[in-house]
Amino acid sequence: MTSNDQLADLLEEFADLLDATGVEYKPRAYRRAAENVRAYPESVADLAARDDEDALDDIEGVGEAIASKLIEYVETGEIAELDELRAELPVDMAGLTSVEGVGPKTVGKLYEALGITTLDELEAAAEAGEIQEVKGFGAKTEQNILDNVDFARQAGERELLGDAYPQGQRVREYLQSVDGVVECELAGSLRRWRATIGDVDVLVASDAPEDVVDAFTNWDDADVHIEAGTSKASVRSDGVRVDLRVVVPEEFGSALQYFTGSKDHNVALRNRALDRDLKMNEYGVFDVSSEAEPASGRPTESGSGDDQRAGERIAGDTEESMYDALDLPWIPPELREDRGEIEAAENGDLPDLLGLADVRGDLHTHTVWSDGNDSVADMVAGAAAFGHEYVAITDHATGPGMVGGVGVSDDELLDQLEEVRDVAAEVEIEVFTGVEANVDAEGGISVRDEVLEELDLVVASPHVALDGDGTERLVTAAKHPEVNVIGHPTGRYLNRRPGLDVDVERLASVAADHGTALEVNANPARLDLGDEAIRAAIDAGATIAIDTDAHRPANFELLRYGVHTARRGWAEPSDVLNTWSTADVRGFIS
DNA sequence: GCCGTTTTCGGCCCGACTGTTTTCAGTCG
């Protein structure tokens, strides 16, 4: 069945092709429809497949014409009109528009003038100096294309949080050292700690914006200079696009709120403001009740550039003031996805979110006994140095998914037990003996029960057959009396494979009944379970374990990614096994 | 092509930046 994403992609291609052929307004309608189809909570293809003309009526921006095209696609696998457009403009639209500065209209013009259809042809034309000969193009545009075409070829993927976060910290530290910078914060999806990041957004408060832009473009780590004006600039650093915006200190709070997003959260807040005769934007919250024509619901066209700041400004110097003006408490960035957080805030029901300092231990680590880099003693010392009160040693067991002799056999596991106990006797922190066993395709565990019984803690993780529905298999594992934690339940690898489909509600309710925790693997390539699954799991009553899967002591630092992902899943400290005391954890796993 | 307390026509979000212009179009967020 066709996913909403696929249908939305088709509508967007439609929009781009219309745009490239110079059609007005229709492209916007198709893009809006695409956006709403993508975000629609039910399967649009299912609705379209119904023998009901009005089935698609509820989707904003989808009218008669677009609805009939969606139905045509679901029934026949094609849209005749789209095929005609493709024939008229046979270009690799997605590839070509992935070049920074090249949009649909440019694609249309270059096809018209030079017959360019692919990235390779675009590059060849630029190298041959043909592009600057086209009317409306010049030498700079041609050079920009040459500069960006390679990046466009390799890009197309969002950056992992674990790569973007250190990048963000570096730029923030640098800007904080710049003269005239009053405040500096990361914004955008990085501040919301999304698992993947489009670009790094950084916001500065300063009365000398041009000096800040200047310092930013001269940053040592800025490899490519994309653009720079008087109040904003963009560079590429280590392959990541970094966008700077500078505002005056009085507007820092409103700008931070605006640029943190998400878009959906901000739209919902803006509507709430309108209900109160207020206007909310990146410059503040304004009382427009005394403005002319209040009944029209929109400000008058004065023609001045200050329309955005019309009315009496009642908030904006801090983020708190923005929310307060709408009678809401401040909402943590991780929750700002329009997933019910505004309603919860209104009712005083916002979760008391877990913090990094609440976590007391790590229940999933590896040593040289399997594929880790360090000894049991070094990993335990690393956990203690990180500040943990307890740590579990859970090396890979041999079995399905373990290749190249990585996992330990049952006999080796028993040998390792003695070493772990010896180390444990020498240190202050609590050390749990354990294993990361493999869950086979049927839900079986790769270590004999008698051996599992000897261990304090058993993490059971899927490492093979990581596609299709994994619910029953994981349910079987979660019911196993010796299994305490289901490790990285879906087996996903961000940007590489989606992992198992899991009915989280069902898995979580079984896990809750059998005293099994579900892992949030903090490795930034995994972040598994992900935010929405975490929330579903907690709602179904399951306990969460946030573990780093550390293969060396430095990996204990990855905990932050797991904690913030759990915050995105509305997790409170009590939901998380490894915020509990040593005695309580012992109680849970015994 | 969509939409409506402006309701069957006439609008459609908008500001910053760049590169090409000689007053503006295209891209981006």
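Letters A, B, ... are given to chains in the order of the sequence lines, protein chains preceding strands, and every chain is numbered from 1.
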**Q** For the P atoms, the ones on B:dC9 and on B:dG15, what distance do you get once it is rounded to whole angstrom?
**A** 31 Å
**Q** Are side-chain N/O atoms of A:E251 and A:S254 paired as donor and acceptor at under 3.5 Å?
**A** no
**Q** Could you work out the separation of B:dC12 and B:dT6 based on their P atoms and round it to a whole Å?
**A** 14 Å
**Q** Determine all donor-acceptor pairs shorter than 3.5 Å in which one atom belongs to a side chain in residues 93-108 of chain A; sequence neighbours excluded.
**A**
| residue | atom | partner | partner atom | Å |
| --- | --- | --- | --- | --- |
| A:T97 | OG1 | A:M93 | O | 2.7 |
| A:T97 | OG1 | A:A94 | O | 3.4 |
| A:S98 | OG | A:G95 | O | 2.5 |
| A:E100 | OE1 | A:R241 | NH1 | 3.0 |
| A:E100 | OE2 | A:R241 | NH1 | 2.7 |

**Q** Going by number, which of residues 118-137 of chain A have a non-hydrogen atom under 4.0 Å from DNA chain B?
**A** A:G136, A:F137
**Q** Could you summarise the pairing of DNA chain B as dot-bracket text, marking Watson-Crick and G-U pairs under 3.5 Å with ( ) or [ ] inside the strand and | across strands?
**A** ((((....)))).((((((....))))))
**Q** Using a cut-off of strictly less than 4.0 Å, decide whether A:T141 has a side-chain nitrogen or oxygen near OP1 or OP2 of B:dT20.
**A** yes
**Q** What contact category does A:A139 fall into here, base, sugar-phosphate, or nothing, at under 4.0 angstrom with non-hydrogen atoms?
**A** sugar-phosphate
**Q** For A:D223, enumerate each residue passing the salt bridge (Lys or Arg N to Asp or Glu O under 4.0 Å) test, keeping only those at least two apart in sequence or located in another chain.
**A** none
**Q** Nearest whole angstrom, please: distance from the P of B:dG19 to the CD of A:E142.
**A** 13 Å
**Q** Where along residues 99-112 of chain A does a heavy atom fall under 4.0 Å from DNA chain B?
**A** A:V99, A:E100, A:G101, A:V102, A:G103, A:P104, A:K105, A:T106, A:K109
**Q** By a strict heavy-atom criterion of less than 4.0 Å, which residues belonging to residues 224-233 of chain A are in contact with DNA chain B?
**A** A:E227, A:A228, A:G229, A:T230, A:S231, A:K232
**Q** Sequence neighbours excluded, which residues qualify as ring pair (Phe, Tyr, Trp, His ring centres under 6.0 Å) partners of A:Y165?
**A** A:W193, A:Y561
**Q** Taking 4.0 angstrom as the limit, do A:D120 and A:R153 come out as a salt bridge?
**A** yes
**Q** Are any protein N/O atoms closer than 3.5 Å to N/O atoms in nucleotides 8-10 of chain B? If there are, list each pair with its distance.
**A**
none

**Q** Could you work out, with ring pair (Phe, Tyr, Trp, His ring centres under 6.0 Å) as the rule, every residue matching A:F252, not counting sequence neighbours?
**A** none
**Q** Taking only residues two or more places apart in sequence or in another chain, which ones pass ring pair (Phe, Tyr, Trp, His ring centres under 6.0 Å) with A:F216?
**A** none
**Q** With rounding to whole Å, what would you report as the distance between B:dG29 and B:dC13 at their C1' atoms?
**A** 12 Å
**Q** Could you tell me whether A:K69 contacts a base, only the sugar-phosphate backbone, or nothing, with contacts defined as non-hydrogen atoms closer than 4.0 Å?
**A** sugar-phosphate
**Q** Say we look at B:dC14 and B:dT22: how far apart would their C1' atoms be, to the nearest angstrom?
**A** 25 Å
**Q** Counting only heavy atoms and a strict 4.0 angstrom limit, can you tell me which residues of residues 7-30 of chain A come near DNA chain B?
**A** A:Y25, A:K26, A:R28, A:A29, A:Y30
**Q** A:R245 side chain N/O closer than 4.0 Å to the phosphate oxygens (OP1, OP2) of B:dG29?
**A** no
**Q** Scan residues 23-51 of chain A for pairs that pass ring-ring contact (aromatic ring centres under 6.0 Å, His included), counting only residues two or more places apart or in two chains.
**A** A:F14-A:Y30
**Q** Using a cut-off of 4.0 Å on non-hydrogen atoms, how would the nucleic acid contact of A:D201 be classed: base, sugar-phosphate, or nothing?
**A** nothing
**Q** Categorize A:R31 for me: base, sugar-phosphate, or nothing, with a 4.0 angstrom heavy-atom threshold over every strand shown.
**A** nothing
